[in-house]
Trainee: 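Below is the structure I would like to discuss, written out as structure tokens.
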Amino acid sequence: MTEHPRTEKLIVLSATIAWQVWLILTAWRDAPILGTLLSGLGAEPAPITAAYLASYRFWPLLPVVSAVLSFLVLRRDPPAPRRAALVLAYSLTSTLLLQAWMMEASIRPLFLLIKRLG
């Protein structure tokens, strides 16, 4: 067992929340541009892209939920290993899914446009 289990879990969970915040800021920066581009071209977005454009404004809830769950786990010293693992699994999995969704929803339409033009 490590000497500072709470500190180690705090670092990992904080990095995950920072990754979530970065994804959200990127989505807030890029989604409006993508929506304007697609509507300006008269293109009908794929369902995954339409869902992305409709939902990115609600994504800030994700780091809030992660932070609350992290706080609830880390307030105990030492943190309960099973609960900490579940919170970390939730945070990492939701972040990875969010990034995959964002990439698929924003990059794929651009590749399809390039393919149609070329």
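Side chains included, hydrogens not; waters and symmetry mates left out as well; all remaining heavy atoms used.
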Trainee: Taking side chain to side chain donor-acceptor pair (under 3.5 Å) as the cut-off, I'd like each qualifying pair that reaches into residues 62-71, sequence neighbours left out, listed once.
Mentor: Gln20-Ser66, Ser66-Ser91
Trainee: Under a single-linkage definition using a 4.5 Å side-chain heavy-atom cutoff for Ile, Leu, Val, Met, Phe, Trp and Tyr, are Ile24 and Ile48 assigned to the same hydrophobic cluster?
Mentor: yes
Trainee: Judged by atom type as modelled, is there a donor-acceptor pair below 3.5 Å linking the side chain of Arg83 to the main-chain atoms of Val73?
Mentor: no
Trainee: Could you report the tightest heavy-atom contact between Arg29 and Ile33, atom names first, then the distance?
Mentor: O-CD1, 3.5 Å
Trainee: Per the side chain to side chain donor-acceptor pair (under 3.5 Å) rule, what does the pair list look like for residues 106-118, sequence neighbours excluded?
Mentor: Glu104-Arg108
Trainee: Rounded to the nearest 0.5 Å, what's the gap from CG on Leu53 to CG on Leu38? Could you check?
Mentor: 7.0 Å
Trainee: Is it true that Leu86 and Val12 fall in one hydrophobic cluster, defined by side-chain heavy atoms closer than 4.5 Å?
Mentor: no
Trainee: Indicate if Leu110 and Met102 have the same hydrophobic cluster label, given that clusters are the connected sets of ILVMFWY residues with side-chain heavy-atom separations under 4.5 angstrom.
Mentor: yes
Trainee: Could you pull out all residues at least two apart from Trp59 that satisfy ring-ring contact (aromatic ring centres under 6.0 Å, His included)?
Mentor: Tyr52, Trp101
Trainee: Tell me, please, which residues at least two apart from Trp22 pass ring-ring contact (aromatic ring centres under 6.0 Å, His included).
Mentor: none
Trainee: For a quick test of reading the model, state the closest non-hydrogen atom pair linking Arg57 to Pro60 and the distance between them.
Mentor: O-CD, 3.3 Å
Trainee: When clusters are formed by joining ILVMFWY residues with side-chain heavy atoms under 4.5 Å apart, either directly or through shared neighbours, do Ile11 and Phe71 land in the same one?
Mentor: no
Trainee: If the condition is side chain to side chain contact (heavy atoms under 4.5 Å, CB included), which residues does Leu97 pass it with, not counting sequence neighbours?
Mentor: Thr93
Trainee: Quick one: closest heavy-atom pair of Ser94 and Leu62, and the distance?
Mentor: OG-CD1, 3.5 Å
Trainee: Short question: side chain of Thr49, backbone of Pro45 - any donor-acceptor pair under 3.5 Å?
Mentor: no
Trainee: Could you name each residue pair satisfying ring-ring contact (aromatic ring centres under 6.0 Å, His included) that touches residues 73-97, not counting sequence neighbours?
Mentor: none
Trainee: Taking C-beta and beyond as the side chain, do Trp19 and Gln99 meet within less than 4.5 Å on heavy atoms?
Mentor: yes
Trainee: Going by heavy atoms in the side chains, are Leu113 and Leu37 under 4.5 Å from each other?
Mentor: yes
Trainee: Going hydrophobic residue to hydrophobic residue with side-chain gaps under 4.5 angstrom, can you get from Val65 over to Leu88?
Mentor: yes
Trainee: What's the separation between atom CG in Leu92 and atom OG1 in Thr16, rounded to the nearest 0.5 Å?
Mentor: 4.0 Å
